[in-house]
Engineer: 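I'd like to ask you about the structure that follows.
Bear in mind that the values here come from a model prediction, so they are computed numbers and not experimental data. We number each residue from 1, following the sequence as shown.
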Amino acid sequence: MSATFAAAVVGATLPSVEKPPITTTQLVQYAGASGDFNRIHFDEPFAKEGGFPSVIAHGMLSLAFFGQLVADWAGGPERVVRLGARFKAVTLPGDRITVGGEVTARDESARTVELKLFARKADGAITLEGSATVRFD
């Protein structure tokens, strides 16, 4: 069920979504879909040379989780006017990411709402913070 403009009041929360654990297969598939074949995402010895404990997930994969969350909540991707994010921590294979958000502002005349978004690991670490603008018809 998607949100309505009437229900999208300041302070309202989006239903959080917990994604399945990140897998290396998912990272390879995302690399193929996005064209981002940076070795840090699939070559473990290379990632370890860079100081990471393992390969790391594409930051844009987490941004895609935001896009999915907001589009599902808003009633379709055509309602998402803007989506932005700031990367805070790396995501590793095995991490479970939960995405969520809340309405922070609303413009009655434009029928838009502003959202504050987060992506969080199971241990509570925030990996991504973001914002979005959604327009309701």
Engineer: Less than 4.5 Å apart, any side-chain heavy atom of Val99 and any of Phe66?
Structural biologist: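 Yes, side chains in contact.
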Engineer: Can you check whether Tyr30 reaches His41 side chain to side chain, under 4.5 Å on heavy atoms?
Structural biologist: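 They are not in side-chain contact.
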Engineer: Contact between Phe65 and Leu128 at the side-chain level, heavy atoms closer than 4.5 Å - yes or no?
Structural biologist: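 Phe65 does not reach Leu128 side chain to side chain.
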Engineer: When rounded to the nearest 0.5 angstrom, what is the spacing between CD in Glu102 and CZ in Phe118?
Structural biologist: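 So the CD of Glu102 and the CZ of Phe118 are separated by 9.0 Å.
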Engineer: Nearest 0.5 angstrom please: Lys19 NZ to Ser62 OG, how far?
Structural biologist: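 Separation between the atoms: 10.5 Å.
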Engineer: Assess whether a salt bridge exists between Glu18 and Arg96, defined as any Lys/Arg side-chain N lying under 4.0 Å from an Asp/Glu carboxylate O.
Structural biologist: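 A salt bridge is present here (some side-chain N lies under 4.0 Å from a carboxylate O).
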Engineer: Any chance you could measure Arg120, atom CZ, to Ile97, atom CD1, to the nearest 0.5 Å?
Structural biologist: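 Between atom CZ of Arg120 and atom CD1 of Ile97 there are 10.0 Å.
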Engineer: For Asp43 and Val55, run side-chain contact (heavy atoms from CB on, under 4.5 Å): C-alpha distance rounded to whole Å, both residues' side-chain angles, the deciding distance at 0.1 Å, then the answer.
Structural biologist: CA-CA 6 Å; Asp43 184 337; Val55 296; 5.5 Å; no
Engineer: Could you see if Leu61 belongs to whatever hydrophobic cluster contains Ile40? Use Ile, Leu, Val, Met, Phe, Trp, Tyr and a side-chain cutoff under 4.5 Å.
Structural biologist: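 Each belongs to a different hydrophobic cluster.
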Engineer: Side chains of Arg135 and Glu78: does their closest heavy-atom pair fall under 4.5 Å?
Structural biologist: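 When only atoms from C-beta onward are counted, Glu78 and Arg135 do not touch, as no gap falls below 4.5 Å.
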Engineer: Do Glu49 and Arg39 meet the salt-bridge criterion of a basic N to acidic O distance under 4.0 Å?
Structural biologist: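 Here Arg39 does not pair with Glu49 in a salt bridge, since their nearest N and O are not under 4.0 Å apart.
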Engineer: Atom OG in Ser131, atom CG in Leu117: separation rounded to 0.5 Å?
Structural biologist: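 If I round to the nearest 0.5 Å, the distance is 6.5 Å.
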Engineer: Ignoring hydrogens, what is the shortest heavy-atom contact between Ala7 and Ala12? Give both atom names and the distance.
Structural biologist: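 For Ala7 versus Ala12, the nearest heavy atoms are O-CB, 3.9 Å.
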Engineer: If you group Ile, Leu, Val, Met, Phe, Trp and Tyr by side-chain heavy-atom gaps below 4.5 Å, do Val80 and Val17 land in one group?
Structural biologist: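 Both belong to a single hydrophobic cluster.
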Engineer: From Thr127 OG1 over to Lys88 NZ, what is the distance, rounded to the nearest 0.5 angstrom?
Structural biologist: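 Result: 10.5 Å between the selected atoms.
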Engineer: Is a side-chain N or O of Arg111 found less than 3.5 angstrom from the main chain of Asp137, in a donor-acceptor match?
Structural biologist: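 Pair found, side chain donor or acceptor close to backbone of Asp137.
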Engineer: Measure the acute angle between the ring planes of Phe42 and Phe37, then classify it against the limits of 30° and 60° as parallel, tilted or perpendicular.
Structural biologist: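 It falls in the perpendicular class, over 60°.
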Engineer: Ring of Phe5, cation from Arg106 - is the NZ or CZ under 6.0 Å from the centre and inside 45° of the axis?
Structural biologist: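 The answer is yes; both the distance and angle limits are met.
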Engineer: Is it the case that one hydrophobic cluster holds both Met60 and Leu69, taking links as side-chain heavy atoms less than 4.5 Å apart, direct or via other members?
Structural biologist: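 Met60 and Leu69: one cluster.
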Engineer: Between Asp72 and Ala74 (side chain of the first, backbone of the second, donor and acceptor by atom type, cut-off under 3.5 Å), is there such a pair?
Structural biologist: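 No: the side chain of Asp72 does not pair with the backbone of Ala74.
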Engineer: So, for Pro21 and Gly94, which heavy atoms are closest and what is the spacing to 0.1 Å?
Structural biologist: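 Shortest heavy-atom separation between Pro21 and Gly94 comes out as CB-O, 3.8 Å.
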Engineer: So for atom NZ, which belongs to Lys116, do other residues, nucleotides or ligands contribute more than 12 heavy atoms lying within a distance under 6.0 Å?
Structural biologist: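 Not buried by this count: 12 neighbours or fewer within 6.0 Å.
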Engineer: Quick check: do Thr91 and Ile56 have side-chain heavy atoms less than 4.5 Å from each other?
Structural biologist: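 They are not in side-chain contact.
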Engineer: Give the intermediate values and the outcome of side chain to side chain donor-acceptor pair (under 3.5 Å) for residues Glu114 and Thr133.
Structural biologist: CA-CA 5 Å; Glu114 298 295 322; Thr133 303; 2.9 Å; yes
Engineer: Search all heavy atoms of Pro15 against all heavy atoms of Trp73 and return the closest pair with its distance.
Structural biologist: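 Smallest interatomic distance, heavy atoms only, reads CD-CD1, 3.8 Å.
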Engineer: Going through the distances and angles, do Asp107 and Ser109 end up as a side-chain contact (heavy atoms from CB on, under 4.5 Å)?
Structural biologist: CA-CA 6 Å; Asp107 182 331; Ser109 63; 2.8 Å; yes
Engineer: Compute whether any side-chain donor of one residue and acceptor of the other, for Ser2 and Arg79, lie under 3.5 angstrom apart.
Structural biologist: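 Absent: no donor and acceptor within the cut-off.
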Engineer: At what distance, to the nearest 0.5 angstrom, does CG of Asp95 lie from CG of Asp123?
Structural biologist: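 If we round to the nearest 0.5 Å, Asp95:CG and Asp123:CG are 7.5 Å apart.
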Engineer: Could you tell me if the side chain of Pro93 sits less than 4.5 Å from the side chain of Thr23, heavy atoms only?
Structural biologist: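 No, their side chains stay 4.5 Å or more apart.
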Engineer: With side-chain contact (heavy atoms from CB on, under 4.5 Å) as the test, would you mind laying out the steps for Leu115 and Val103 before giving the verdict?
Structural biologist: CA-CA 5 Å; Leu115 305 173; Val103 177; 3.7 Å; yes
